[in-house]
Amino acid sequence: MRLSGRGVALSLTASVLFALMPGYVRELAPLDGVQIFAQRVLWSIPAVLLLLVLARQWPVFVTALGRLRREPLLLAALPLSALLIGLQWGLFLWAPLQGRMLEVSLGYFLLPLAMVMAGKVFYGERLRPLQLLAVCCAVLGVLHELWLTRAFSWLTLVTALGYPPYFMLRRWMRLDALSGFILEMAVLAPLAIWLILSFSPPGAFSDSPQLWWLIPGLGLLGTLAFAAMMASSRLLPLGLFGILSYVEPVLLFAVAVAFLGEAFNPAQLWTYLPIWLAVLLIGWDSAMLLRKQARKGF
């Protein structure tokens with residue numbers, strides 16, 4: 001698969017949008033992580049419908065519904081893909097409530113490397129020299145984080161190893177980003193409704209009226225980020241897509257320190273510096289390859 005400039009741009013856009021979410025979520029008090037998860041699922045559905053109309057992709061969605069009727073295997077795979085993404089979203093929001101976010105964060109450091117391995121093993125993808133050097137830099141950063149935190153657990157494993165099967169399944173399903181996303185959210189919607197009806201804090205919306213517009217905004221922000229990420233995963237080799245996902249923790253680090261007032265541990269520089277170097281190497285390699293492709297008239 002040749003390098004897609006559009007795929008790289010979409011991956012970077014997704015990372016920027018995801019990096020905005022922690023600050024946005026802080027404004028959603030008194031809702032807890034479970035309620036934010038449920039509201040995000042429900043409000044993602046109208047957000048995707050709006051994007052389908054604006055992007056004139058409604059016929060593509062209708063085609064996807066037709067495929068569900070004609071292809072039993074695709075229909076059977078949809079609940080599995082919804083379960084995989086719902087599990088990741090749920091863990092990401094459950095872990096902070098249990099004081100176990102460090103273990104999940106470590107999983108996100110390991111995830112790009114798991115994506116690289118999946119691309120090599122299942123798709124026969126080969127890394128270019130600068131990409132391989134970037135992976136080596138990332139490995140050094142991850143090993144330092146493992147040594148520094150010693151937070152490796154089942155949560156780390158589920159986070160790191162749960163996404164590659166999801167992306168591989170979505171590739172096999174051959175659903176476009178928006179159609180696949182809205183179908184997954186439709187599968188998760190009954191669970192979201194039950195969580196809201198059973199566990200929503202009483203008077204949350206009356207006591208905090210800003211939630212009436214902040215919650216739909218969360219759905220739109222999350223949908224744009226996730227749709228960009230899924231579209232990128234279809235356009236890029238899985239290994240490169242995985243390495244580019246390191247842009248997100250780099251941006252999250254900057255947001256947490258610069259805007260959210262979180263304390264910075266100087267020892268973590270030896271985690272982030274190799275990862276920052278890996279991101280720069282990937283950017284340099286991608287720019288050179290895109291320029292080479294442009295000269296050849298691709």
message = Between S232 (side chain only) and A228 (backbone N and O only), is there a donor and an acceptor less than 3.5 Å apart?
response = no

ask   = Does a side-chain heavy-atom distance below 4.5 Å link M230 with D176?
value = no

inquiry  = Would you say that C137 contacts L273 through its side chain, given a criterion of any heavy-atom pair below 4.5 Å between the two side chains?
reply    = no

query = Does S208 use its side chain to pair, donor to acceptor, with the backbone of F205 at less than 3.5 Å?
reply = no

Table please: side-chain donor-acceptor pairs of residues 66-80 below 3.5 Å, with sequence neighbours left out.
residue	atom	partner	partner atom	Å
R67	NE	E71	OE2	2.9
R67	NH1	M173	O	3.0
R67	NH1	R174	O	3.0
R67	NH2	E71	OE1	3.2
R67	NH2	M173	O	2.9
R70	NH1	G66	O	3.4

task = Under the side chain to side chain contact (heavy atoms under 4.5 Å, CB included) rule, collect the residues that match up with R128, sequence neighbours excluded.
result = Q131, D285, L289

query = Any chance CH2 of W270 has more than 12 other-residue heavy atoms, nucleotides or ligands included, within less than 6.0 Å?
reply = no

Show every donor-acceptor pair shorter than 3.5 Å between a side-chain atom in residues 182-201 and any protein atom, with sequence neighbours excluded, or say none if there are none.
residue	atom	partner	partner atom	Å
E184	OE1	Y166	OH	2.9
E184	OE1	R170	NH1	3.4
E184	OE2	S81	OG	3.1
E184	OE2	Y166	OH	3.0
E184	OE2	R170	NH1	3.2
W194	NE1	S198	OG	3.2
S198	OG	W194	O	2.9

inquiry  = Measuring only between side-chain heavy atoms, which start at C-beta, is Y108 closer than 4.5 Å to Y163?
reply    = yes

key: Cation-pi check, R171 onto Y123 ring (under 6.0 Å, within 45° of axis)   = yes

ask   = Between the main-chain N or O of Q35 and the side-chain N or O of R40, is there a donor-acceptor pair closer than 3.5 Å?
value = no

inquiry  = Whether the side chain of Q88 engages the backbone of V158 through a donor-acceptor N/O pair (distance < 3.5 Å, no angle test) should be reported.
reply    = yes

query = If you draw a 6.0 Å radius around CH2 in W212, do more than 12 non-hydrogen atoms from other residues or ligands fall strictly inside?
reply = no

query = Between T13 (side chain) and A9 (backbone), is there a donor-acceptor pair under 3.5 Å?
reply = yes

ask   = What about W89 and F226, are their ring centers closer than 6.0 Å?
value = yes

message = Between L269 and W276, is there a side-chain heavy-atom distance shorter than 4.5 Å?
response = yes

